[in-house]
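Read the structure below first, then the notes.
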Amino acid sequence: MKMSRLIGQTRKEAPAGTSARSHELLLRGAYIHQVAAGIFSYLPLGQRLMQKISAILRREIEAIGGQEVNMPVAQPADLWQQSGRWYKIGAEMSRFIDRKGHDMALAMTHEETTGDLVHQFIQSYRDLPRLIYHLQTKWRDDPRPRAGLIRVREFVMKDSYSLDSSWEGLEQQYRNHYSAYFRIFDRCGLPVMAVLSDTGMMGGSIAHEFMYPGEVGEDTILFCPDKDCGYSANRQVAKFQKPVPVKEPLSPLEEVATPNCKSIAEVSQFLRVEPNHCAKMVFFVASLTYPEGQTRKQQQTQEQNGQKLVAAVLPGNMELNETKLTTLLNSLFGVRELRPAEEAEIAAAGAVAGYASPVGLQTEDCIVVADELIIAGSNWIGGANKEGFHVRGLNYGRDFEAQQVGDICAAAAEHPCPNCGKKMESTKAVEVGNIFQLGTFYSEAMDCYFTDESGQEKPIIMGSYGIGVGRLAACIAEQHNDEDGLIWPISVAPYQVHLLSLAGAKEPEAEKVAQQIYRDLQAAGIEVLFDDREERPGFKFKDADLIGIPIRLMIGKRSLENGGVEYRLRGRKQGKETPKTFWPVADVVNRTGMEIARLEEEIQSAVRNVEYRA
RNA sequence: CGGGGUGUAGCCUAGUGGCUAAGGCGUCUGCUUUGGGAGCAGAAGAUCGGGGGUUCGAGUCCCUCCACCCCGACCA
């Protein structure tokens, strides 16, 4: 590709409103162009980057038996009604009505269309196992797109779907993906950690996320520093060894005046007790799942009605984990949404914010959920549901009860590892991939059954596995850059070679050599970006640094005088100690080919075979 | 959805009630220059996000709508 003809202009200055390094560099390097919040066009360089990454994804998924298909972005509502997600998912799914008046949805993911395919084409145990995958656009109307390609609304995802007749088969395909994902990220030069994760809207039982650790991430993950232990989990589901409270003889419930003590910190200081003796209350309002078969109008009406106040009780030295709370609540009823309650809503249930207690809260519309520590412990300090007063000697069972008991505490750094008890560490991270054991939820809902050896009808056992291509590109950019610009690993670089003609107007010879080398490299099948523009050398160097293609070849009067073509690796500083490298013109194609092979070998040798670890 | 911020030429910015909206980058023309974003001369490019209002006068103040960014809620 000749740069004189390339669409997209590089920029010296960072566009306003970029906070992530990858966002800034991808914009400045003319890789992407923002069309609206979370919606991007990919310019030629960006598109080639995406295709390189896609090629890696295809290669590794095919290697574990994947067959590429293509499922649609526009989907009939029936499919989503069958799975029930039409009723469970809120505004994140965009819906529209086609000209015939049919409800339609834009694909957020493709479990439903997979079910549709499977229903049609898989009937017998002989048709299993199978693995299908595609690279297709997803639309998720995210309320808060941010940081360039890190969090967008429209994006291409590699998603695969495994189909099995047995749970052992699912386990095998799940493990295959687990290892394949590590190979994919290794090939992209991206360090990741696999962590246990929440199943969220996907449903299913077991799930892992592949996390790229870094400040640009929004997730927090916890992990055990002990390599042999290896426990790691998203904060949303992370467990930890909780201190077991000593059960004391129950003391009587008594009110104490605690003027102006609304927070746990204030109360514990005022009463001179440790926060872990206080019972903390956190209030939420849960919106319930729409009953199946409801029209959208009925759903809108239900918005106001189908809500319940949730009062969570946990020790004062712990933070509440909303995901754990939601999961617990889901065992009682379907939760579509959980949001913090407002003071008026809390008051309506008879509680006083700041002095709240679970005592006397069991009304029709209020659900009390208690952490297991509250049950195990005794004689808690809690609110009196009366402005300016708390109580001592608050005890579960005697003074109050909960509809649901479980673990609702958030794990944090320093908490003991649930496996080995060592202090865990935490880091922020970006989710670049996930794998889910879906089980039979979708196959049962969407009538995907097969006949087994004994002639019995059984639901197909499914798994689903995703990697966001654009987000992956952004993470690679986050990982591989310096003050001058991007530094792509050769495996994903839009071109393997950046050829710069540094010939001035009075140096037609050098220009001719550059043109010839460009043609020779192309003829040899080497991907080359040729800077043939009429610009000064310095200008071209800056652009080449910004764009970040790994191998740079430079031809000018000076290089010819020094023996031919100057070779340089992007990202390797050309200090006084490292002498410049020149290749004879006749050798350039050969040497370049060898250099590409060497760089590819470097990547290849970094590809690990990571064994599955639950 | 809540809080904060920003909208001025393709990009980055200045302009804080008063003359024809200013500069840099980029673009175009010519000359000159050619190993780390050169120099000179000239040119084009803006209904100052939209609408409404206050005022003799609004890019500037007020209202309103929209868009984008950041934080939170949210999503994964």
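Reminder, nothing fancy here: chain letters follow the sequence lines and each chain counts from 1. Quick caveat: nothing in here was measured; it's all calculated off a predicted structure.
Contact annotation: A/Q34 reaches the phosphate of B/C69 (side-chain N/O to OP1 or OP2, under 4.0 Å). For the pair A/R151 and B/A76, the criterion of a side-chain N or O lying under 4.0 Å from OP1 or OP2 is not met.
The salt bridge (charged side-chain N to carboxylate O under 4.0 Å, His left out) analysis of residues 15-27 of chain A, with sequence neighbours excluded, yields the pairs A/R21-A/E24, A/E24-A/R28. Listed by first then second residue, pairs satisfying side-chain hydrogen bond (donor to acceptor under 3.5 Å, both in side chains) with a partner in residues 553-562 of chain A number zero, not counting sequence neighbours.
As a whole-Å value, the separation of A/F539 CZ from B/G26 P is 7 Å. Regarding A/N434, its CG atom lies at a distance of 10 Å from the P atom of B/A76, rounded to whole Å. Atom CD in A/E218 sits about 12 Å away from atom C1' in B/A73, given to the nearest Å. Between the P atom of B/C75 and the CZ atom of A/R471 lies a distance of 14 Å, rounded to the nearest Å. Rounded to a whole Å, the NE2 atom of A/H23 is 10 Å from the C1' atom of B/C69. As rounded to whole Å, 14 Å separates atom P of B/G37 from atom CG of A/L500. The nearest whole Å value for the distance from the CG atom in A/L502 to the C1' atom in B/A38 is 15 Å. If you measure from atom CZ of A/R153 to atom P of B/C69, you get 9 Å, rounded to the nearest angstrom.
Residues A/L57 and A/Y133 fail the side-chain proximity criterion, which asks for heavy atoms closer than 4.5 Å.
Nearest-nucleotide assignment on RNA chain B puts the 5′-proximal partner with A/E535, out of A/E535 and A/N234.
Annotation: B/G50 and B/C68 have their C1' atoms spaced 15 Å apart (nearest Å). Taking atom P in both B/G4 and B/A21, one finds a spacing of 35 Å when rounded to whole Å. B/G42 and B/A58 have their P atoms separated by 34 Å, with the value rounded to a whole Å.
Applying the Watson-Crick and G-U wobble criteria (two distances, each under 3.5 Å), B/G10 pairs with B/C25. In this structure, B/G57 forms no base pair with any nucleotide, since neither Watson-Crick nor G-U wobble geometry is met with both distances under 3.5 Å. Of all nucleotides present, only B/G72 satisfies the Watson-Crick or G-U wobble test against B/C1, with each distance under 3.5 Å.
For A/E595, the side chain to side chain contact (heavy atoms under 4.5 Å, CB included) partners two or more places apart in sequence, or in a different chain, are A/I551, A/Y567, A/L569, A/W583, A/R598. Contacts of A/D142 classified as salt bridge (Lys or Arg N to Asp or Glu O under 4.0 Å), with partners at least two apart in sequence or in another chain: A/R151. With sequence neighbours excluded, the residues that form a ring pair (Phe, Tyr, Trp, His ring centres under 6.0 Å) with A/H134 are A/H110.
A/H33 has its ring centre no less than 6.0 Å from the ring centre of A/F40.
Counting distance only, with no hydrogens placed and no angle test, the side-chain atoms of A/R146 and the base atoms of B/C68 include no donor-acceptor pair under 3.5 Å. Residue side chain A/R568 reaches the base of B/G36 through a donor-acceptor N/O pair under 3.5 Å, judged by distance alone.
For RNA chain B, the residues of residues 11-21 of chain A within the heavy-atom distance limit of 4.0 Å (strictly under) are A/R11, A/K12, A/E13, A/A14, A/P15, A/A16, A/G17, A/S19, sorted by number.
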